Amino acid sequence: MDSLDWHRRRRLCLLLDIKDPFTAVLLIRNAKEQKSRYQCMVGREGIGLTDLYVGKLPQNVTDFSCIVYDYEYMQCSFTKPKNMLMTEYDLEYKFANYVICRIKIQEFLTDVPGHRNKIHYNVTGYAPMQVEYHFTLTGSNAGGKNIQRFVINSHKIVVPVPVEISVQNITTNSATVIWEKIKFGYYGKGLLYEIKIPEAGWIRTGTMRHQVDSVVVNNLYSYWRYNVEIRVKSMLVDTQDDRFWSETSTEHFNTKQKRPVKAPDTPCGSFYIDSTETQLRLYWGNLPEHDHCGPGFHYVVDEIDANGVVIQSTAVNDTTLSLPWKNVDIQRFSIKSANNIGPSNEGNIINVYRSGSSQYELNENNIAKVYHNSSYTLSWTPPVNIDELVNYTVFWCLPKIELPNQCKGPISYKYLDKYATNFTTEPKDRSLNLAISANYPHYNKGMQWARCSAEVSSELMKVELEVTAINDSSVLVKWNSGSVCSSILKGYNLTYCQASDDKKCTSPQHTIQLFREYRNYTIQNLRPYTTVCLTMFMFSTGNQGPDSEYTCVRTRASAPSPPKKVFVNSATSKSAKVHWSPPDVLNGILSGYTVYWRKKSYKTYETATTDINQTSYELTGLSSFSDYEVYVTAHTVEESQPSKSVYIRTLIGIPSSPRNINISEDEQVIHWEQPDLPSGQHLFYVVALLHRYNGSESVYERVSIVRGRSCRFQKPECPSSKMSYALEVRAVNVGQPNETDKDIKSMSRDVILAGAKLDNSFCTSDSENENYNYALLLEGDTKSYFASPWIDARRTYYCTDTKAALYALAFVILIIFAAYLCYWVRNKYYTMKNIKVILPEGLVDQNSDYKLAGGALANNCGLDPGAKKEFHTDISRSNDCLVAFDHKDNLNLISNFHNRSPNPLSSLSSTSSSKDHHNDEHMGEHPSLETTNEELSSNSSASSHSNLNYHGHHQIPKLCEIDSKNTTLDIAAAEQLENEMNQDDMEYTDHGDDDVVGFYS
């Protein structure tokens, strides 16, 4: 090396040993503890950089300690001694000679955040009942090792967990505090507890010998909120070491309410009669809050008579009451405290006396107060009668501005000896009103207020200000002269400025001089919600009073200026985003913004409110392809004027479905109305024909594009009776790419047409004016299309097979005819089968005594047995009229039938109306002969007339009725009846009576 230089930041004792042309060794003697960096320089170039650590052997740990947390686990900690050499620590602990664990600190532990080099370690294998733990801590570094041993008594380092606390048996003035310690059995010597109730100034300590302990707390205030705090520590730990206290357990409770016990103080002479002697004002002491004993606290003032009867009662919240003065010898008032439960049992009395002799009164001209050194001195001259004087009562209170003889807030008082002539207040540097009362056993003038000091040399007191904000641009300042008479004052000096929140003036100060007669002044033309700070002092000809307190008040807030820079972007078919900037002038605390928007054609605005940190809002639920007006307002206590309106148009979107679809069957025209939401400018419609085969899913067969709102369609052919057809309509929007919503995917031609064949001849436009001349849905079209859902026309056409229908109809008619024929034959069969012909025996018996045709049968007309059958048969075959046999006059009919008379009814005219008693007795005596059904059927089947119509059916009852009444039927009537019967085919049957015979024509 031509040049070799070793450079270091510190000056040390260096020894350079050059071994050969390429090697050099630097030896540092007496090196101090350090962390350094060395670099070998060749000329101005560095050729090497080396870090050097110079330290010492591992040092002793001085703060090794452990804590057991409620016999759950043990944690040990220590601080690593500072050493420039990297030091490793091994920790080993054991019970007696049994090693529990050995660890390397640097591998398992990290520094505690915020405590450099502080290490905490949770002891594994902790045994709660093991008393001593033996720890061995070994530190190792390049300089060597250091071994330390520690013995820890685990019972003397326990920190209990917080106890569980509750409050029970709460009364109006006491409560029982109960606490419980879980796992109490580990603490054999017990626990030391400390319990506090800060609100009551109550503290108690003791030893807890059981798992549950309690204490009764007495002398508590009623209806008062208390907090109970309790903590515990083991009896085995160091009582002076606060580390071993448990965390504090807290619980709160409220004592129960009751009516107040105490009445407010009523000092002697605590009343004032004004100079007009018309108004009386009473004063009494303020009752402390802890004596309210319940909610709704107030005072009750009862005027009572000499017998203690209440004349008038008044409830007030203040400590003073103004009443009309009655100017009587004595008025007595009882002052009680009260709450929602009721008033106190006792009240304190104020006696008000009528003005008496001046010897019992102080001379008001000799009562004065003087202000000096932030205190007031009240002085007076004793009354004339001092012998009977008991004492004085001195009153003082904060004055009401502009009312020197009234108090703002409660009054304070003090009794003074009757020989006193002055009284000095404590220094408070505040304006005070003072009064004095001379107290006699039988009389009291009341409060006599001190007059101002008229001494020119008197100190000018500090002005007491009362400042209030009237509105957003004015504040009202009030004051009084205190104990200084206006006669020695020249005026007041008022200085104010507009200030920042830290009460530093931000505008030039304004000073106004006011005459001594002023007691208030209004500062105007201020900015809204601006802090105004002011001071005032009084001055006389040769003197100036101290400045008042630096008082600040903020004017009321008002509406801010409108938001600015309102604009809208990110418009879609359904939304748009509004942005704005905060107002330039807030005029208060900004509470939020309101966004207004409406459709251009609408009158009503929609609104949305945002917080102060949000200066944008997304409008949603907008209609597609619609114009909107938007503006924004800001809010403090009032709403600002609207910002400048901006106008937007949403993009083309998906239309809603057409409305009110109707089909005119006669003209085969389908009509519909425009969608409620067209959502675009260029709207057309697609009319589709659907077919369904045998109940399967619908298939779109043909579609037509229609620009209008109606078209004439062609009925489809029906190749099969299993087919059905229906019509559907949908609306479609079309627009250029820059007009449509990019968030909505444009529909393809196949999707819009539902995969059907485009056939514009299927449904042609119903009006020539509705035709447009540009093409839609072409291949390679760059326009975007959006279609509404299909809407059904609610009309289905069902196909039928004509030949099959005719065959089915003929088959049905044939079935109906066959069923009718079977029904008719069945009824005819049962009718013929069930007819019974009953003939009187006289008709077939030759000895019959019955008469035929007006008389009894002659013996020569008797019938032989062979003739009986023939006669029977003849009767059966000649059954043109069947009558009841028990009517003897009907025998003429039967005789005529038997003789084959051409007019069987003619014999009715010659029937005698006389009764033959003999014949009547024989009727019914002879048994009837019954013709068999077979014979009747065979005979009746030979008859050429077998049907009985409705008219003929009702003629026989007429005949029977005539015969039953034994009336004579003339020939003309009989012939008429015969003709009617011959014209009709009759059939009459009675299945119920055996004595009824049938008529057949």
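The figures here come from the full heavy-atom set of this structure, side chains too, leaving out hydrogens, waters and symmetry mates. Values in this document were obtained by computation on a predicted structure and should not be read as measured data.
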Side chain to side chain contact (heavy atoms under 4.5 Å, CB included) between T555 and N471, intermediate numbers included: CA-CA 6 Å; T555 57; N471 50 41; over 6 Å; no
Please report the C-alpha distance between C505 and C533 in whole Å, then the side-chain angles of each, then the deciding distance to 0.1 Å, and finally whether the disulfide (SG to SG under 2.5 Å) criterion is met. CA-CA 8 Å; C505 289; C533 295; over 6 Å; no
Decide ring-ring contact (aromatic ring centres under 6.0 Å, His included) for Y631 and Y605; before the verdict, give the C-alpha distance in whole Å, the side-chain angles of both, and the deciding distance to 0.1 Å. CA-CA 10 Å; Y631 68 83; Y605 286 91; 5.4 Å; yes
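Using modelled atom types, no side-chain atom of S664 and backbone atom of V669 make a donor-acceptor pair closer than 3.5 Å. At distances below 3.5 Å, not a single donor-acceptor pair connects side-chain atoms of T636 with backbone N or O atoms of L590. Between the side chain of D472 and the backbone N or O of P528, no donor-acceptor pair lies under 3.5 Å. In terms of modelled atom types and a separation under 3.5 Å, the side chain of T255 and the main chain of W224 share a donor-acceptor contact. In terms of modelled atom types and a separation under 3.5 Å, the side chain of S616 and the main chain of H579 share no donor-acceptor contact. The backbone N or O of I752 sits less than 3.5 Å from a side-chain atom of R730, completing a donor-acceptor pair. Using a distance-only test at 3.5 Å, with no hydrogens or angles considered, no donor-acceptor pair links the side chain of S656 to the main chain of P675.
By the neighbour-count criterion of 12 heavy atoms within 6.0 Å, atom CD of Q168 is densely surrounded, having more than that number from other residues, nucleotides or ligands.
Judged by the 6.0 Å and 45° rule, R554 forms a cation-pi pair with Y529. A cation-pi arrangement is not found for R709 relative to Y685, the charged atom failing to lie both closer than 6.0 Å to the ring centre and inside a 45° cone about the ring normal.
A salt bridge does not link E464 with K478: every distance from a Lys NZ or Arg NE/NH1/NH2 to an Asp or Glu carboxylate oxygen is 4.0 Å or more. Classification of K564 and D584 as a salt-bridged pair holds, one side-chain N sitting under 4.0 Å from a carboxylate O. Salt-bridge annotation for R702 and D759: present, with a side-chain N of the basic residue lying under 4.0 Å from a carboxylate O of the acidic one.
Defined by atom type and a distance below 3.5 Å, a donor-acceptor pair is missing between the side-chain atoms of N340 and Y223. A side-chain N or O of E639 and one of T633 form a donor-acceptor pair less than 3.5 Å apart. The closest side-chain donor-acceptor pair between S623 and K599 falls under 3.5 angstrom. For the residue pair S748 and D750, no side-chain donor N or O sits within less than 3.5 Å of a side-chain acceptor on the partner. Residues Y596 and E629 bring no donor and acceptor atom of their side chains to less than 3.5 Å of each other. No side-chain donor from either of N339 and H292 sits under 3.5 Å from a side-chain acceptor of the other. T320 and R281 form a side-chain donor-acceptor contact under 3.5 Å, judged by distance and modelled atom types alone.
A side-chain contact (heavy atoms from CB on, under 4.5 Å) with N733 holds for exactly one of P655, S746, P678, S573; it is P655. The only member of V646, V632, I648 that meets side-chain contact (heavy atoms from CB on, under 4.5 Å) when paired with V578 is V632.
Within the 4.5 Å cutoff, the side chain of I411 has no heavy atoms near those of the T319 side chain. Considering only heavy atoms from C-beta on, L753 comes within 4.5 Å of V686 through its side chain.
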